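The next block holds one structure in the form of structure tokens; read it before the comments.
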Amino acid sequence: MAPGKALEFYQEANDWFCNAGLPSDIMIIIDKVNFHLHKFPLSSRCGKIDKLIKETQNTDIITLEDIPVLVYCLAEYLEMFDEYGDDNLLARADTYFHKNVVKNWKDCMVALQSCDTFTTQADNLQIISKCLNAVSMMACTDPSLFGWPMMMYGRLQSPGGSILWNGINTGARIRSSESDWWFEDVSYLSVPLFVRLMKMMEARGIPPEKLTGAIMYYCRKYLHGLGRWKSGQQQTAKARSIASLSMKPAIVDQRVLLESIVKLLPEKKGKSFCRFLLGLLRVALILGVNDKCQDSLEKKIGMQLELATLDALLIPTYSNSDTLYNSDCVERIINHFLNSEKTATPFSPPSIASEVTPSSLPLKKVSKLVDNYMAEVASDVNLKPEKIRSLAEALPESSRSLNDGLYRALDLYFKAHPWLHEKEKEDLCNIINYQKLSIDACAHASQNDRLPLRVHLQNQNQPPLMASQIVQRDGWVTIVRENQVMKVSMERLRSRVGELEQEFNRMKEEVKRNFWEM
């Protein structure tokens, strides 16, 4: 064969042949495909094949298993070191990798996805760590400072603003002005590589809200069960980049994803973030994640329970249970809330900054949320009195300035459970602090037939000072005559306000008349 002449290969059935003009003296089998080649050029450049030829002197057939596809990994696998020839494949691959791949965003992303099949070899060559390091550096740098993304994507930009690939308008848009421009591309990585990238970015000092945004984006893409619980905002579809056009969506085990991602989530606060966590918890319960993952989610939600909404907290029971809602889970979240530190740092990504509510009187907010939750689940005919009592007593008595919400929840529970014994009703009624009922709630209770002892007005003559007292009897209360007095006083007050308004209007008319007469 003449020096420098390129070899050509041709295929016949399951065999490949070289047109070198010399008969083949060795057959290499790769994935059940036969390559008819020549020993000398192979053994002179490939250490692995040279050793195999020497070990199998009695045969001209060599089988190679688990061949990597990346040229860099392949060169290392075949031991194509410089000792087997100057400027051998491994040295050339290494030079190309450092001069081109790690300096180009798209090539880094494609290389990372290609490493999934041969992670061990790619790790040994530090391909993964170097690509992750390069990606994390580019992600935390303003692309406009270095003329990116044209350098990043290695392609030209069309006059219309989209990226050109070999002169073809791909439709992919340049998004250098957006801080989350890299979310879409990194979402194509496998779970292990994505987790490693997030950890490296965290070590590099990328703001937690950016990392959390990337995690939320990744979860929305692969955890289809999130649905409308993924956040308080509508998911914004992002234009595909030139990098993502060269990649395939990762094959993700949803349970593995959840159990891996939860470890990366910060212990921060935010309305949309809290809703997202509650969505993750729903999916976690459906997938049956391990106890550590579920407990971690419940703790993170508990830290910001005052920011939760009622609809997000109404978590259905996905296991074999008679009840409609997972009240056990909610009770654990309440306990985590009570045990959480009071100095949790607010979390407010720019995209949801307007939603974050200052943490003022969180205990009062949670008590109102829990009362509303009990009112919603009260209609479940399989909900036991012990559970409704446990939920009611989960918060300290001081958390409720008024007990109207608690009274309403119990009233709805009695309505849905008319078969309860008087003693069970009395035990539940004893939870209420009747001195914290509003006038309207007291009036309603006095006429409520569902209560164990009907609340009625006491008609006996009482000394004036006794008229403001609430007398407890048999686990319930009798509201004394002051309610009637207060009702009459309120009517008189409303009448007096009406008279004052009329007097005020007359005075205005008189002032106007005097003004025009002057």
Side-chain angles (χ1 to χ4, degrees), residues 187 189-196 198-199 208 211-233 235 249-340 344 347 352 366 369-370 373 376-377 387 391 394:
S187 71
L189 297 177
S190 64
V191 173
L193 289 181
F194 180 80
V195 170
R196 288 176 63 176
M198 292 298 102
K199 290 180 178 179
L211 295 179
T212 306
I215 293 170
M216 292 169 72
Y217 190 91
Y218 192 91
C219 289
R220 292 166 186 163
K221 188 168 188 173
Y222 296 109
L223 294 178
H224 308 298
L226 277 180
R228 65 190 181 99
W229 307 109
K230 56 196 173 189
S231 72
Q233 295 178 323
Q235 167 71 0
I251 299 175
V252 171
D253 184 314
Q254 294 189 64
R255 180 172 175 175
V256 172
L257 167 59
L258 250 178
E259 293 176 351
S260 303
I261 287 298
V262 167
K263 303 172 187 176
L264 302 177
L265 294 172
E267 293 185 352
K268 304 294 181 182
K269 287 190 173 186
K271 242 183 180 180
S272 287
F273 187 52
C274 181
R275 189 175 182 85
F276 172 73
L277 290 174
L278 282 162
L280 285 184
L281 181 58
R282 285 170 177 257
V283 178
L285 293 170
I286 294 173
L287 297 176
V289 298
N290 58 46
D291 292 341
K292 185 177 181 181
C293 175
Q294 182 177 334
D295 185 62
S296 178
L297 279 172
E298 290 174 355
K299 284 182 179 178
K300 292 179 188 298
I301 295 168
M303 286 182 60
Q304 51 199 304
L305 185 56
E306 72 274 13
L307 301 176
T309 57
L310 177 60
D311 61 336
L313 199 62
L314 289 169
I315 303 170
T317 299
Y318 299 107
S319 59
N320 296 325
S321 175
D322 294 333
T323 57
L324 296 175
Y325 298 101
N326 196 332
S327 299
D328 292 337
C329 179
V330 171
E331 188 173 355
R332 289 193 298 270
I333 292 174
I334 296 172
N335 291 330
H336 288 311
F337 165 76
L338 294 173
N339 295 329
S340 63
F347 163 66
I352 57 176
V366 170
L369 177 65
V370 171
Y373 176 83
E376 284 294 325
V377 302
K387 175 50 63 178
L391 287 169

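Computed from a predicted model, the values in this text were never measured in an experiment.
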Task: Residues E331 and K387 bridged, charged N to O under 4.0 Å - done: yes
- [ ] Kindly give the heavy-atom pair with the smallest separation between R255 and V289, and that separation in Å.
- [x] NE-CA, 3.9 Å
TODO: Taking all heavy atoms of E376 and all of L314, pick out the closest pair and write down the distance.
DONE: CB-CD2, 3.9 Å
Open item on the list: For a 4.5 angstrom cut-off between non-hydrogen side-chain atoms, does K300 reach E267?
Closed with: yes
Task: Shortest non-hydrogen contact between A394 and L338, atoms and distance - done: O-CD1, 3.1 Å
Open item on the list: Quick check for you: to the nearest 0.5 Å, what is the distance between I301 atom CD1 and C274 atom SG?
Closed with: 6.5 Å
TODO: In sequence, state the C-alpha distance, the side-chain angles, and the governing distance for V195 and V191, and then conclude on side chain to side chain contact (heavy atoms under 4.5 Å, CB included).
DONE: CA-CA 6 Å; V195 170; V191 173; 4.2 Å; yes
Task: Exam field: side chain S340 to backbone F337, donor-acceptor pair closer than 3.5 Å - done: yes
Task: Distance in Å, L223 CG paired with I286 CD1, rounded so as to fall on 0.5 Å steps - done: 10.5 Å
TODO: Measure the shortest side-chain to side-chain distance between L265 and L280 over non-hydrogen atoms and say whether it is less than 4.5 angstrom.
DONE: yes
Open item on the list: Strictly distance-based, threshold 3.5 Å: is any side-chain N or O of Y218 a donor or acceptor partner for the main-chain N or O of L189?
Closed with: yes
Task: Heavy-atom check, side chain of M216 versus side chain of T212, under 4.5 Å - done: yes
- [ ] Answer yes or no: is there a side-chain heavy-atom contact under 4.5 Å between L258 and V262?
- [x] yes
Task: Closest non-hydrogen atom pair, Y222 against S187 - done: OH-O, 2.6 Å
Task: Flag, side chain of E259 to backbone of N290, donor-acceptor distance under 3.5 Å - done: yes
TODO: Determine whether E298 and C329 make a side-chain contact, defined as any pair of heavy atoms from C-beta on separated by less than 4.5 Å.
DONE: yes
Task: Between CG on residue L369 and CD on residue E306, distance to nearest 0.5 Å - done: 10.0 Å
- [ ] Report yes or no: do T323 and S321 form a side-chain donor-acceptor pair below 3.5 Å?
- [x] yes
Open item on the list: To check you understand the geometry: which heavy-atom pair defines the closest contact between L297 and A284, and what is its length?
Closed with: CD1-CB, 3.9 Å
TODO: Indicate yes or no: at least one non-hydrogen side-chain atom of T317 is less than 4.5 angstrom from one of D322.
DONE: no
Open item on the list: Within this structure, what is the CD1-CG distance for the pair I333 and L277, rounded to the nearest 0.5 Å?
Closed with: 9.5 Å
- [ ] Please report the closest heavy-atom contact between L305 and V366, naming both atoms and the distance.
- [x] CD2-CG1, 3.7 Å
Open item on the list: Any heavy-atom pair between the side chains of F194 and L257 that's under 4.5 Å?
Closed with: no
Task: Nearest-0.5 Å distance that lies between atom CG in L285 and atom CG in N326 - done: 6.0 Å
TODO: Drop me the distance from D253's CG to S190's OG, to the nearest 0.5 angstrom.
DONE: 12.0 Å
- [ ] Using modelled atom types only, decide if a donor and an acceptor are shared between the side chain of Y325 and the backbone of L313 within a distance under 3.5 Å.
- [x] no
Task: Check: F273 and P266 side chains under 4.5 Å, non-hydrogen atoms - done: yes
Task: Carboxylate-amine/guanidinium contact K299 D295, below 4.0 Å - done: yes
TODO: Examine distances only and state if a side-chain atom of Q304 and a backbone atom of K268 form a donor-acceptor pair shorter than 3.5 Å.
DONE: yes
- [ ] In sequence, state the C-alpha distance, the side-chain angles, and the governing distance for T309 and R275, and then conclude on side chain to side chain contact (heavy atoms under 4.5 Å, CB included).
- [x] CA-CA 8 Å; T309 57; R275 189 175 182 85; 3.1 Å; yes
